[in-house]
Amino acid sequence: MNLTETIQNKYNELNAVAGNGLLGAMRAKAFELYNKSGIPSSHNEEWKYTRLTGLTNKNFSVHTTAVVPGKETLNKVRLQTEYAAELFFVNGVFVKEISTYTNDALVVLNLHEAAESEYKNYVQQHLNQSSKYMKDGMNALNAAFTANGLFVVAKKNKAVEKPVFIYHLTDTASDNVFVQPRSLFVIEENAQVQLIELYKNNGLHESFTNEVIEIAVQENARLEYYKVQDENENCHHVGTTHVQQVGKCFTHCVTVTLNGGTIRNNINMILEAENNEGHLYGLYMVDGKTHVDNHSIVDNVKPNCFSNEFYKGIMDGNATGVFNGKIFVRQDAQKTNAYQSNKNVLMGDNASVNTKPQLEIFADDVKCSHGCTVGRLDDEALFYLRARGIGEKKAKALLLHAFAADILEQVKIEVLRTYLEQKIDERLEIEAI
């Protein structure tokens, strides 16, 4: 039974258990859209360079109930540091019993619990807002399986002093798995929070992740969001991060991709209030046969907003990269300042990248720019290092580390930045050179 057939059977099973209500109505509508749209193909302009059809023809198990791993397995994926919360997804299901969340500035619930709680209005207002921008079958498919997801509120006038970690563990020790994590975060007025998502796998079979996280940021709130992908070449990923700045606020988002199979990262930043400020940063450093596709949308809806987007890519071996960034400036969004840049280094003759920065401006009093570069390492800089007795391999490694540093310095959490620097040093073999 291929993935398409398994999805139909599992959807029927989930509906029989999860019932109707607020989430049930959303699931039904989303599954209808999925059946109409199907899995995106290269005939869709937005998916021109990323092909998923080869994955859907394979056999995958679909999990809709929680699996509890052992403590030893959890410790392998955890960053050993202080935290406000450690929240675990295992095979796409939020596992509340192994998560820790004692901070009084946070409310943590299962998504189906939140839909029936005092926070029901938040679920009604903000859940599935990403579907307004992501109209493909993958987003609809995730919504169709929304049940055992995660719901978090950062409380009004509270600063969450330590990071909130979300660990996504995919267990492929016994078979191929298809997983669909779903999260909704609401950052209330004057709240501050640092949020980190880390993806890890356990096993050598294939995994296919289809994830959606939606974050609503209210007036005078501050969000730092980090997403780190470090799985093996058998792990495929389609992820959507939807940041909705509903009040005047500040957001800072960093996505780092170090390893994987076929990867598609969608990130949307919607500036819905005047004087919003948003920053998007990305680093994709891949080799082998990894394919990474970064699609971003920055939508300036109201006047006097500022956004800055800066993505860098390093491709080696047979790796392929894609960057497609769109900035929209709506008619009412006068005095907008929006900037976008994408820079790429190709290290091998077989590595490639397709980059397409875009601007769509409907206002006349704005400052906007976009640009991209693709090339090799700077020969002059390489010669300078070689002339001072540094070997060719180490010289290239140092230049690549310096190239990545622009993005790494945007990681404000020391333990995470140290972790990423160590991973990159290992990749570049700096210590061994």
Side-chain angles (χ1 to χ4, degrees), residues 77-87 101 103 105-106 152 154-155 157-168 183 185-200 213 215-218 220-230 239 241-245 247-258 265 267-269 271 275-285 294 296 298 305-314 339-343 401-425:
V77 303
R78 297 173 64 244
L79 293 186
Q80 304 297 323
T81 186
E82 295 182 335
Y83 54 84
E86 280 190 325
L87 310 173
Y101 42 92
N103 193 292
L106 295 171
V152 177
K155 292 182 183 178
N157 299 323
K158 297 277 189 177
V160 184
E161 294 180 357
K162 295 180 176 62
V164 175
F165 288 88
I166 304 176
Y167 294 102
H168 295 267
S183 304
F185 279 71
V186 179
I187 318 303
E188 292 187 332
E189 293 180 22
N190 298 303
Q192 296 183 30
V193 67
Q194 295 173 311
L195 172 61
I196 303 169
E197 285 195 289
L198 291 102
Y199 290 82
K200 290 285 188 177
I213 177 170
I215 309 171
V217 190
Q218 296 184 354
N220 293 321
R222 186 180 182 93
L223 165 72
E224 288 181 32
Y225 167 81
Y226 304 93
K227 179 177 183 178
V228 178
Q229 296 163 313
D230 185 23
T241 301
H242 186 81
V243 180
Q244 184 184 4
Q245 298 186 223
K248 175 191 171 185
C249 58
F250 175 91
T251 62
H252 179 97
C253 303
V254 183
T255 302
V256 178
T257 303
L258 298 176
N265 291 316
I267 184 162
N268 308 327
M269 180 175 286
L271 292 79
N275 299 299
N276 266 325
E277 181 175 346
H279 299 262
L280 294 179
Y281 299 96
L283 174 66
Y284 42 107
M285 185 176 181
N294 289 293
S296 66
V298 177
C305 291
F306 176 88
S307 65
N308 181 47
E309 180 176 7
F310 190 22
Y311 270 64
K312 283 190 165 186
I314 301 171
Y339 306 98
Q340 182 187 86
S341 178
N342 174 231
K343 297 182 178 181
H401 195 281
F403 180 80
D406 287 339
I407 306 303
L408 292 177
E409 68 183 18
Q410 300 301 328
V411 179
K412 308 300 183 184
I413 301 171
E414 184 176 356
V415 66
L416 181 61
R417 186 174 61 254
T418 300
Y419 169 82
L420 292 172
E421 287 175 342
Q422 289 174 347
K423 285 288 182 180
I424 289 172
D425 286 350

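Along the sequence shown, residues are numbered consecutively beginning with 1.
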* Structure fact -> side-chain hydrogen bond (donor to acceptor under 3.5 Å, both in side chains) filter on N157, not counting sequence neighbours, yields N190
* Asked: By ring-ring contact (aromatic ring centres under 6.0 Å, His included), which residues pair with Y284, not counting sequence neighbours?
  -> none
* Asked: Picking from T251, I196, V164, I213, what satisfies side chain to side chain contact (heavy atoms under 4.5 Å, CB included) with Y225?
  -> I213
* Asked: Any side-chain heavy-atom pair from I166 and F185 closer than 4.5 angstrom?
  -> yes
* Euclidean distance, Q244 CD relative to C249 SG, rounded to 0.5 Å -> 10.0 Å
* Structure fact -> For I187 and A221 the tightest heavy-atom approach is CG2-CB, 3.8 Å
* To do: Kindly compute the distance separating CG (L280) from CG (N308), expressed to the nearest 0.5 Å.
  => 8.5 Å
* Asked: Among all residues two or more places apart in sequence or in another chain, which pass the side chain to side chain contact (heavy atoms under 4.5 Å, CB included) test with S341?
  -> F310, K343
* **Heavy-atom side-chain contact between L283 and T257 under 4.5 Å** => no
* Any residue meeting ring-ring contact (aromatic ring centres under 6.0 Å, His included) with H242, in chain and number order, not counting sequence neighbours -> Y133
* **Side-chain touch L408/I424, heavy atoms, less than 4.5 angstrom** => yes
* At what distance, to the nearest 0.5 angstrom, does CD of E161 lie from CD of Q192? -> 10.0 Å
* Those residues that, when tested against K248, pass salt bridge (Lys or Arg N to Asp or Glu O under 4.0 Å) (two or more places apart) -> none
* Test item: V193 and L223 side chains (from C-beta on) under 4.5 Å apart, heavy atoms -> yes
* Hey, does V152 have a side-chain heavy atom less than 4.5 Å from the side chain of V186? -> no
* Mind checking the CG-CE spacing from L420 to M285? Nearest 0.5 Å is all I need. => 11.0 Å
* Asked: Under a 4.5 Å cut-off applied to non-hydrogen side-chain atoms, are H168 and E197 in contact?
  -> yes
* Examine the side chains of E277 and S307 and answer whether a donor and an acceptor come within less than 3.5 Å of each other. => no
* Shortest non-hydrogen contact from G313 to F403? -> O-CE2, 3.6 Å
* Go through the steps for V217 and V243 under the test side-chain contact (heavy atoms from CB on, under 4.5 Å), then give the verdict. => CA-CA 7 Å; V217 190; V243 180; 4.2 Å; yes
* Structure fact -> Residue set satisfying salt bridge (Lys or Arg N to Asp or Glu O under 4.0 Å) with K423, at least two apart, ordered chain then number -> D230
* **Set of ring-ring contact (aromatic ring centres under 6.0 Å, His included) partners for H252, sequence neighbours left out** => Y281
* To do: Return the set of residues passing side-chain hydrogen bond (donor to acceptor under 3.5 Å, both in side chains) with Y226 (not counting sequence neighbours), or none when no residue passes.
  => E224
* Write down the atom of A191, the atom of K155, and the distance for their closest heavy-atom approach. => CB-O, 3.3 Å
* Reported CE-to-SG distance for the pair M269 and C253, which is rounded to 0.5 angstrom -> 4.0 Å
* **Shortest non-hydrogen contact from A154 toward L106** => CA-CD2, 4.1 Å
* Can you find a pair of side-chain heavy atoms, one from K227 and one from V256, that are under 4.5 Å apart? -> no
* Non-neighbouring partners of Y167 that pass side-chain hydrogen bond (donor to acceptor under 3.5 Å, both in side chains), sequence neighbours left out -> none
* To do: Check whether any side-chain N or O of N276 sits under 3.5 Å from a backbone N or O of Q245 as a donor-acceptor pair, and report yes or no.
  => yes
* If you round to the nearest 0.5 Å, how far is CG of N275 from CZ of F250? -> 14.0 Å
* Asked: What residues form a salt bridge (Lys or Arg N to Asp or Glu O under 4.0 Å) with E188, not counting sequence neighbours?
  -> none
* Side-chain donor or acceptor of R417 paired with backbone N/O of V411 under 3.5 Å -> yes
* Listed by chain and number, what are the salt bridge (Lys or Arg N to Asp or Glu O under 4.0 Å) partners of R78, not counting sequence neighbours? -> E86
* Check whether any side-chain heavy atom of L87 lies under 4.5 Å from a side-chain heavy atom of F165, and answer yes or no. => no
* Structure fact -> Sorted by chain and number, sequence neighbours left out, side-chain hydrogen bond (donor to acceptor under 3.5 Å, both in side chains) with D406 holds for K312
* Is atom CD of E82 surrounded by more than 12 heavy atoms (other residues, nucleotides or ligands) closer than 6.0 Å? -> no
* What is the minimum heavy-atom distance between A105 and K158, and which atoms define it? -> CB-CB, 3.6 Å
* Hey, are N265 and Q229 close enough side-chain-wise for a donor-acceptor pair under 3.5 Å? -> yes
